[in-house]
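See below for the structure under consideration.
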Amino acid sequence: MKNIPIVLLAVAALAAGCGRPSPRGAEHFLADDIDTSVSPGRDFFKYANGRWLAANPIPASEQGWGVGSLVREETYARLRSICEDAASSSAAAGSPAQKIGDYYFAALDTATIERVGIAPLRADLDRIDAISDRASLLAELAVLQTYGAGPLFSPFVAQDEKNSAAYSFHLWQGGLGLPNRDYYVNTDARTAGIRREYVAHVGAMLGLLGENPDSAAAHAAGIMAIETALAKASRKLEDLRDPYRNYHKLSLRALGALAPALTWATLLPAMAIRGVDSVVVGQPEFFAEAERLLSSRNPGAWKEYLRWTLVNRFASTLGAAFEREHFHFYQTVLSGVKEPRPRWKRALDAEERAMGDLLGQSFVARYVSPSMKARYTKLVDDMFAAYADRIRRLDWMSEATRTKALAKLGAVTRKVCYPDKWKDYSALVIDRSSFCANQMRADVWEYNYYAAKLGKPVDRTEWEMTPQTYNAYYNPSNNEIVLPAAGLLIPGVPDSLVDDAIIYGYAGASTIGHEVTHGFDDEGRQFDAAGNLRNWWTPEDEKRFNARAKLMVDQFNGYVVLDSLHVNGKACLGENIADLGGVLIGYDAFKKTHEGRSDTLIDGLTGDQRFFLAYAYSWLGHIRDEGLARQVMTDVHAPQFLRVNGPLSNVPAFYRAFALKPGDAMERPDSLRVSIW
């Protein structure tokens, strides 16, 4: 079971692939990418990054390509070295090196993968075939939940939103094979085509399990009918961001009344959930529909649904035929990717998901220096000081709310580069006999790891990302920002060689400032300094905040990508508030540095210009049309170019730095400029 705190990520994921041919010198770090044929006031993203984009097409194995890809290329090389060293060592059984090496070896051992085939799934497939009543159906559904397959609904353990000192068991909508509800209900030609491809894909996967084509096609249609019913009962992306509307704490008796067909008294223990007297239900209406479906569909339909859910979970571990079919739909159809990544990269991706903390220990020991952590810890301190100053200067906030905002900011925990302690994988068994079996054991280990937290004190030291992850997050229940080392790296250039404008624009604004602002965006602001869902705002301040936030919703609703596909301004409001806040905080902090106060030019650029160019570089990248459509439909982050042009069009210092004037495409009248934090 994956713990899913309400984390608000700093960076939308871009897949990694081929790397930059050679590192670029820090002295020309930003100027090399500028496309002077584009006016900065017309499209700053293209102005700042245009030459790089033109010279770096998306590789066939990738959905997109950009700065995150380049960081991941460096990380791939480092993790590969760690895994190859471990695989060739004579590490003691049960040691971290043995597990790292054996997992990697098994993931690359295609001969054994083909010979083993679906044997690791055989016990589950036999139990599914033997299902004859609801009790046996729910027993296998519970097993598949421990694999992280998520049939019918999604369970997880996390801090209770209204009592951050305790863990609660959560039940959330789920059970879908397509990315979210919109893929089942939207009527546009693109989405309708994806639905047709999906039904064909499900049928093809069932065929690989041995079903004849006619039977597989009929069963695929039945699976689609079940998932469509679940999707229609699911909430929209933007509606999942309201923490009050998605918090319903029910006693076990009330849960039983909501969905009695799920017989929770036996289902929860079968899912290793014991000793709880209440459950947090995210979307009660979804579970009412799940109840109706269980009561109205015959066991045969559910058997096929569980069979599909199982094979879909482990398809990439079962051999070439399964992997090809899985890739075709989930990568080519949904994201436009032309060919798979090299197998060693796919092995590293799988191992990161299976036991990333184990890899992280070696990664930090080899590649993350104390001086790097010290530099970015200071940068974090500078950003917090700048944010406190901004809060003190706000003209729309009352003193009562301001005092509480400053108290919350001061209470934010700052986790930089890597954790002080690591997860203990001693109970996880890894060997070279089967890639699929290793993955199944890793999934069960993770599920049990989180299930075991129930009834125990909250561990506020824990990280939910590994140090080698190109990302970061804010967790409102812990009131913390978590900044993995890889999320701060500038590809191809050691951070010690770049100047303050780059550091404060790239890592300061887009990551650190972004994450801390999440504590005060439309969702995070509803949690107090202790991490509890509690309103600490005066009614007047809340109204003023919401009025300013609506301007941002309207701004992003107006952006169109891919013909008539609009950005969902409400769904990505939190990320957009955090982007704007990050830029403003980063700029304020930069202006307090020696370079920020000087008039020195580098490559003919002022410090302010380099700051904004560095921010644009932090979102450098492009994405295939299929991936862009998927992002707009499923992601709470706006497309990369809008994460530059959108917030900067509200920043007066940006206007001054690049001499924007009325009539420029990025110029917004004062009445429409967003000013929150």
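- Closest approach of E523 to P243, counting heavy atoms only: CG-CD, 3.9 Å.
- Between the side chain of Q283 and the backbone N or O of Q173 there is at least one donor-acceptor pair closer than 3.5 Å.
- The closest donor-acceptor contact from the side chain of S215 to the backbone of N212 lies at 3.5 Å or more, if one exists at all.
- The backbone N or O of V337 lies less than 3.5 Å from a partner atom in the side chain of T332, making a donor-acceptor pair.
- The main-chain N or O of R292 is found under 3.5 Å from a side-chain atom of S296 such that the two form a donor-acceptor pair.
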Discussion item. I'd like to know whether L310 forms a side-chain contact (heavy atoms from CB on, under 4.5 Å) with L306, so could you lay out the CA-CA distance, the side-chain angles of the two residues, the decisive distance to 0.1 Å, and finally the verdict.
Written reply: CA-CA 6 Å; L310 174 67; L306 293 184; over 6 Å; no
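- Summarising the geometry of E161 relative to F527, their closest heavy-atom pair is O-CE2, 3.9 Å, with the distance given to 0.1 Å.
- Of the listed residues (Q631, R624, E626, Q63), just one forms a side-chain hydrogen bond (donor to acceptor under 3.5 Å, both in side chains) with S335, and that residue is Q63.
- A salt bridge does not link R241 with E238: none of the charged nitrogens is closer than 4.0 Å to a carboxylate oxygen.
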Worksheet item: Yes or no on side-chain contact (heavy atoms from CB on, under 4.5 Å) for Y449 and L428, after CA distance, side-chain angles and deciding distance?
Response: CA-CA 11 Å; Y449 175 84; L428 174 60; over 6 Å; no
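- Side-chain contact between N180 and L176 is absent, with no heavy atoms from C-beta onward closer than 4.5 Å.
- One side chain, S426 or D424, offers a donor N or O that lies under 3.5 Å from an acceptor on the other.
- In summary, the side chains of H326 and Q331 do not present any donor paired with an acceptor at a separation below 3.5 Å, with no hydrogens or angles considered.
- Proximity of a side-chain donor or acceptor of E227 to a complementary backbone N or O of G177 within less than 3.5 Å is detected.
- Side-chain contact check for V279 versus W264: every heavy-atom pair is 4.5 Å or farther apart.
- Of the possible polar contacts, one joining the N246 side chain to the D239 backbone as a donor-acceptor pair under 3.5 Å is found.
- Look at D126 and R122 and you find a salt bridge, because one of the NZ, NE, NH1 or NH2 atoms lies within 4.0 Å of a carboxylate O, short of that distance.
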Worksheet item: For L125 and I118, what are the C-alpha separation, side-chain angles and deciding distance, and is it a side-chain contact (heavy atoms from CB on, under 4.5 Å)?
Response: CA-CA 9 Å; L125 291 170; I118 64 171; 4.0 Å; yes
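- The heavy-atom pair separating S132 from P299 by the smallest distance is O-CG, 4.4 Å.
- Between D124 and R127, at least one side-chain N (NZ, or NE/NH1/NH2) sits under 4.0 Å from a carboxylate O, which counts as a salt bridge.
- Judged purely by atom type and a 3.5 angstrom limit, E462 has no side-chain atom pairing as donor or acceptor with the backbone of P419.
- There is a side-chain donor-acceptor pair under 3.5 Å between T191 and D188.
- The closest side-chain heavy-atom distance from R341 to D349 is below 4.5 Å.
- Between N479 and T413 the shortest side-chain heavy-atom distance does not fall below 4.5 Å.
- Between the side chains of R460 and S164, at least one donor N or O lies within less than 3.5 Å of an accepting N or O.
- Taking all atoms of both residues into account, the shortest heavy-atom contact from A106 to S434 is CB-C, 4.4 Å.
- R307 is listed as a side-chain neighbour of L209, based on a closest heavy-atom distance under 4.5 Å.
- Under a 3.5 Å cut-off, the side chain of Y473 and the backbone N or O of E464 do form a donor-acceptor pair.
- Taken from CD in Q439 to CG in L318, the straight-line distance is 11.0 Å, to the nearest 0.5 Å.
- For the 3.5 Å distance criterion, the side chains of Y103 and D431 fail to qualify, holding no donor opposite an acceptor.
- By the 6.0 Å contact criterion, NZ on K303 is enclosed, its count of non-hydrogen atoms from other residues, nucleotides or ligands being greater than 12.
- Between E289 and K232 there is no salt bridge, since no side-chain nitrogen of the basic residue lies less than 4.0 Å from a carboxylate oxygen of the acidic one.
- Within a 6.0 Å radius of CZ in R343, other residues, nucleotides and ligands contribute more than 12 heavy atoms.
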Item to complete: Apply side-chain contact (heavy atoms from CB on, under 4.5 Å) to the pair F329 and L178, showing each step before the final yes or no.
Response: CA-CA 10 Å; F329 180 76; L178 286 168; 3.4 Å; yes
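- Rounded to the nearest 0.5 angstrom, F435 CZ and I113 CD1 are separated by 6.0 Å.
- Taking each heavy atom of A290 and L152 in turn, the nearest pair found is CB-CD1, 4.0 Å.
- Of all heavy-atom pairs spanning K249 and D160, the tightest one is NZ-OD2, 2.7 Å.
- To the nearest 0.5 angstrom, Y198 atom OH is 7.0 Å from M224 atom CE.
- Between F287 and F153, the ring centre distance stays below 6.0 Å.
- Side-chain atoms of K162 do not come within 3.5 Å of backbone N or O of L533 as any donor-acceptor pair.
- At least one donor-acceptor pair closer than 3.5 Å links the side chain of R274 to the backbone N or O of P269.
- Y447 and Q145 share no side-chain donor-acceptor pair at under 3.5 Å.
- Taking 4.0 Å as the cut-off between side-chain N and carboxylate O, E62 and R72 do not count as a salt-bridged pair.
- With no hydrogens or angles considered, no side-chain donor-acceptor pair links T309 and N312 at under 3.5 Å.
- Note that CG of D182 and CZ of R630 are 13.5 Å apart. Values are rounded to the nearest 0.5 Å.
- Note that CH2 of W172 and CZ of R235 are 8.0 Å apart. Values are rounded to the nearest 0.5 Å.
- S295 meets the side chain to side chain contact (heavy atoms under 4.5 Å, CB included) test with R134, A261, E291; sequence neighbours excluded.
- Two rings, from F314 and Y147, have their centers less than 6.0 Å apart.
- The side-chain heavy atoms of V482 and E515, taken from C-beta on, include no pair separated by under 4.5 Å.
- Expressed to the nearest 0.5 Å, how far OG of S477 lies from CD of Q159 amounts to 5.0 Å.
- Checking D357 against Q361 by side-chain atom types alone, no donor-acceptor pair falls below 3.5 Å.
- Side chains of P96 and Y425 form no contact here, defined as non-hydrogen atoms less than 4.5 Å apart.
- No side-chain heavy atom of H201 sits under 4.5 Å from any side-chain heavy atom of I194.
- For an aromatic pair to be called close, the ring centres must be under 6.0 Å apart, and Y305 with W308 fails this.
- By the 4.0 Å N-to-carboxylate-O rule, R353 lies too far from D443 to be salt-bridged with it.
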